[in-house]
Amino acid sequence: MSFLDADSFIFDSQSSDSYNLMMCWINDTADISANGLRRTIDSGSVNHVRLKTNNYGVSFEGNIEFSFYIIKKDETPFTRQESIAVNRWLTGPTVPRALYFNDNAIPSLHYYAVCTEIEDKVFLEHHAKRLVFKTNSPFGFTDPVEKRFLVTGAEIFSMDNIADTVNGIFYPRILLSAKSADAIVIENVSDQKSVTLSIPETFPTDSLGNRTLLIDSAQMKLLDVNNGSRLVPFHEVGWTTQYSSYVSSIDKYMESIYWFRLIQGTNTIKITGDCKADFIFEFPRKAGCL
């Protein structure tokens with residue numbers, strides 16, 4: 001377990017090394033009970049005609065939680081100013097921020113957490129702080145990776161989905177940049193579905209004359225990147241009551257909006273239209289990965 005091998009951590013882009021801190025375990029114990037592996041069976045009730053419960057799957061009872069101690073590397077007590085600085089850093093974020101542990105485990109994982117407890121302790125003349133970080137998921141996540149494609153006319157390429165989700169489905173984010181307002185079709189040939197949209201000329205451009213749209217399929221939202229990440233109404237990209245999207249793999253049109261996704265395994269992707277497409281991946285790794 002990589003979490004147990006770490007001696008430092010990074011939270012909200014700041015390292016514990018910057019505060020002359022190191023992780024430790026008092027009494028040589030580490031609390032790993034809240035590892036996100038507790039699950040509840042979703043089921044119906046039993047009655048006089050139904051002698052077995054109908055099971056509908058499982059739900060996670062909670063997210064991963066980290067509890068550990070920190071002391072100064074020189075093992076001297078915290079001064080008041082040092083304690084204030086550490087507490088300010090750890091309690092600053094009120095929404096989950098990236099949490100990394102510095103270890104040698106592969107693959108490298110990170111989490112999204114809030115520090116919910118800081119408790120000052122004195123143990124055998126050592127001054128320590130006990131920390132509790134609560135994450136927003138029972139999963140760890142791989143480092144973000146981008147795959148970039150420059151499309152002129154049409155391009156076909158493959159993309160692997162290594163997400164550890166139960167159904168194997170993963171929704172990447174897509175940064176779509178174009179100079180014209182012509183239609184762009186992003187098709188997952190393997191999923192036999194596509195999405196058609198255009199970036200209107202009303203969008204502001206960058207220094208190269210590109211208008212950029214962020215497609216966040218997991219959150220089902222569109223953002224105008226060059227305009228302060230403005231939330232974009234669907235009608236602006238052509239998703240109206242007359243919407244349709246051509247799927248070449250089945251030679252048919254879809255009339256419903258498709259939030260681009262990757263199915264399990266290798267996916268064949270086809271993009272039609274002049275654009276630059278950046279696919280951003282942050283794959284979830286198995287529940288319980290510490």
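Worth knowing before you read on, the calculation uses all heavy atoms, side chains too, and leaves out hydrogens, waters and symmetry mates. All values derive from a computational prediction rather than experimental measurement.
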Parallel, tilted or perpendicular: which describes the rings of [X] and [Y], with under 30° parallel and over 60° perpendicular?
X      : Y      : answer
Phe281 : Phe283 : parallel
Phe9   : Phe133 : perpendicular
Trp89  : Tyr19  : parallel

State whether [X] and [Y] are salt-bridged, where the test is any N-O pair (Lys NZ or Arg NE/NH1/NH2 against Asp/Glu carboxylate O) under 4.0 Å.
X      : Y      : value
Arg130 : Glu119 : yes
Asp278 : Arg148 : yes
Asp17  : Lys73  : yes

Quick check on [X]: does its [atom1] atom have over 12 non-hydrogen neighbours (other residues, nucleotides or ligands) under 6.0 Å away?
X      : atom1 : result
Gln264 : CD    : no
Arg39  : CZ    : no
Lys179 : NZ    : yes

Does the side-chain hydrogen bond (donor to acceptor under 3.5 Å, both in side chains) test come out yes or no for Ser194 and Ser245, once each step is laid out?
-> CA-CA 6 Å; Ser194 75; Ser245 183; 2.5 Å; yes
Transitive ILVMFWY side-chain link Ile186 to Phe234, under 4.5 Å |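 In one cluster with Ile186: Phe234, yes.
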Any chance you could lay out the side-chain hydrogen bond (donor to acceptor under 3.5 Å, both in side chains) test for Ser83 and Lys129, step after step, and finish with the verdict?
-> CA-CA 9 Å; Ser83 183; Lys129 289 178 180 287; 2.8 Å; yes
Short question: side chain of Asn188, backbone of Arg261 - any donor-acceptor pair under 3.5 Å?
->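 Checked: pair present.
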N/O donor-acceptor pair under 3.5 Å between Ser8 side chain and Asn102 backbone |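 No, because the side chain of Ser8 does not come within donor-acceptor range (under 3.5 Å) of the backbone of Asn102.
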